[in-house]
Amino acid sequence: MPDEPDSHDPATTPIAVIGPTATGKSDLALDLAETLGGEIVNIDAMQQYRGMDIGTAKLPAADRRGIPHHQLDVLEVTDIATVARYQGAAVSDVDDIRSRGRRPIIVGGSMMYVQSLLDEWAFPATDPVVRAKWEDVLDRDGVDEIHRALTAADPEAAASILPTDGRRMVRALEVVELTGQPFAASAPKIGEPRWGTIILGVDRDTAELDARIDTRTRLMFDTGLLDEVESLLGLGLREGVTASRAIGYAQALEVLAGEYDIEHARERTFIGTRRYVRRQRSWFRRDDRVCWLDGASSTLTSDALGVIDPP
């Protein structure tokens with residue numbers, strides 16, 4: 001067993017590349033991994049799902065430049081993605097990468113996943129009776145009713161959670177009921193990030209980013225998203241509590257069910273993604289540890305390296 005690296009060893013200090021969807025995080029992470037002898041640790045919740053490739057903009061294996069990727073394709077579409085499961089698995093990955101003298105490059109934009117990994121989030125206890133009560137509301141009355149209940153109980157949580165994410169809203173209502181405090185009160189205080197991680201944020205001009213989201217959305221539908229979703233139906237996608245609600249997949253399922261045409265699904269996917277980007281931006285911009293970089297800059301990689309290892 002190799003010796004565990006010093007917690008402040010610069011050669012193995014993790015680098016997190018975070019920020020809104022479609023800003024260019026993946027390419028920057030690959031550049032950094034190649035330059036610094038790193039391995040990628042995914043921190044995008046939906047890219048954990050095996051077979052959900054087109055709609056999550058998952059890099060094909062052939063485009064990963066031979067760099068090991070962790071926390072990709074680790075769940076079946078019938079599995080429930082939880083922050084707690086991810087936290088435990090990703091911490092093990094980062095520790096293992098560092099123990100081998102390599103550098104973890106953590107990349108993605110799932111907000112609570114980022115905070116759980118970098119801020120050692122300890123999750124509140126659960127109560128099956130309380131959880132079942134809110135799950136019954138979700139099953140009986142749908143996500144709109146759960147969203148209304150959460151808005152009444154904890155407006156801040158309702159604003160920060162995707163309104164189609166019924167499972168997470170149920171969890172927030174459970175925590176509020178059990179603790180008598182807002183959901184955010186159980187979140188960790190922002191301080192020194194775990195492992196001394198260097199946090200880079202990638203963003204772009206809003207109009208430019210909207211155009212990129214539109215292009216990406218059209219490309220997804222044009223290059224086989226509906227076929228991908230149809231192939232996943234036999235693996236239980238429609239029954240998947242988390243996977244079936246992912247942006248793009250929920251809309252594709254509606255097309256396959258005959259509820260909407262493709263153009264309407266594209267538009268709803270674009271709007272949902274743009275809305276999600278606004279939430280990501282608001283969440284990440286609150287963290288003053290993040291060093292923000294322009295994803296459109298021709299010197300993005302060198303700019304990032306200048307932050308990691310200042311001259």
Side-chain angles (χ1 to χ4, degrees), residues 1-19 25-50 56 58-59 61 64-76 79-126 186-202 242 283-284 287 289-291 304-305 307-310:
M1 177 74 70
D3 293 336
E4 184 174 338
D6 183 276
S7 61
H8 298 292
D9 179 3
T12 63
T13 297
I15 299 159
V17 180
I18 65 171
K25 299 184 298 295
S26 295
D27 286 342
L28 174 59
L30 286 171
D31 288 347
L32 295 178
E34 276 190 327
T35 303
L36 301 172
E39 298 182 15
I40 303 290
V41 179
N42 165 58
I43 200 163
D44 180 295
M46 294 303 136
Q47 289 193 7
Q48 296 177 101
Y49 283 108
R50 201 169 288 114
T56 65
K58 189 185 297 174
L59 273 179
R64 296 175 194 169
R65 307 184 198 175
I67 296 166
H69 282 59
H70 306 268
Q71 294 308 308
L72 288 179
D73 302 325
V74 294
L75 298 177
E76 303 296 341
D79 293 334
I80 296 176
T82 69
V83 182
R85 187 220 69 86
Y86 173 83
Q87 182 192 55
V91 166
S92 295
D93 286 336
V94 171
D95 284 341
D96 175 64
I97 293 166
R98 298 184 72 233
S99 75
R100 293 184 277 106
R102 304 278 288 171
R103 193 153 196 171
I105 311 294
I106 301 160
V107 57
S110 292
M111 297 163 282
M112 294 172 69
Y113 283 59
V114 170
Q115 192 156 27
S116 76
L117 185 59
L118 300 187
D119 292 307
E120 305 189 47
W121 196 337
F123 298 97
T126 186
S186 65
K189 301 295 183 256
I190 290 178
E192 173 70 13
R194 195 195 309 242
W195 306 291
T197 298
I198 298 165
I199 310 175
L200 305 177
V202 183
T242 318
W283 180 289
F284 290 131
D287 190 339
R289 301 170 301 181
V290 180
C291 179
L305 290 170
V307 174
I308 295 163
D309 187 15

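As the structure is a computational prediction, the values presented were derived from the model and not from experiment. The first residue in the sequence is number 1, and the count goes up from there.
No side-chain heavy atom of Leu200 sits less than 4.5 Å from a side-chain heavy atom of Lys25. When side chains are defined from C-beta on, Ile43 does not count as touching Gln71, because their heavy atoms never get closer than 4.5 Å. With a 4.5 Å cut-off on side-chain heavy atoms, Asp287 and Val114 do not count as touching. Counting heavy atoms from C-beta on, the side chains of Arg194 and Val94 never come closer than 4.5 Å. You'll find the side chain of Leu305 reaches within 4.5 Å of the side chain of Leu36, heavy atoms only. Residues Arg65 and Asp31 form a side-chain contact, since some pair of their non-hydrogen atoms from C-beta on lies under 4.5 Å apart. Looking at Gln48 and Asn42, their side chains come closer than 4.5 Å, going by heavy atoms from C-beta outward. Between Arg289 and Asp119 the shortest side-chain heavy-atom distance falls below 4.5 Å.
Note on residues 101-113: pairs passing salt bridge (charged side-chain N to carboxylate O under 4.0 Å, His left out), not counting sequence neighbours, are Glu39-Arg102. Sorted by first and then second residue, the pairs that involve residues 79-112 and meet ring pair (Phe, Tyr, Trp, His ring centres under 6.0 Å), not counting sequence neighbours, are Tyr86-Tyr113.
For the side chain to side chain contact (heavy atoms under 4.5 Å, CB included) test with Leu117, the passing option among Thr197, Asp93, Val91 is Val91; the others fail.
To the nearest 0.5 Å, atoms NE2 (His70) and CD1 (Ile106) are separated by 11.0 Å. One finds the CD1 atom of Ile15 at 4.0 Å from the CD1 atom of Ile105 (value rounded to the nearest 0.5 Å).
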(request) Would you sort out whether Asp79 and Arg85 count as a salt bridge (charged side-chain N to carboxylate O under 4.0 Å, His left out), showing the intermediate values? (result) CA-CA 11 Å; Asp79 293 334; Arg85 187 220 69 86; over 6 Å; no
(request) Mind running side-chain contact (heavy atoms from CB on, under 4.5 Å) on Asp95 and Trp195 for me, showing each step along the way? (result) CA-CA 9 Å; Asp95 284 341; Trp195 306 291; 3.0 Å; yes
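At least one donor-acceptor pair closer than 3.5 Å links the side chain of Arg64 to the backbone N or O of Leu59. Judged by distance alone, the side chain of Ser116 and the main-chain N or O of Gln87 form no donor-acceptor pair under 3.5 Å.
For Gln47, there are no side chain to side chain donor-acceptor pair (under 3.5 Å) partners, not counting sequence neighbours.
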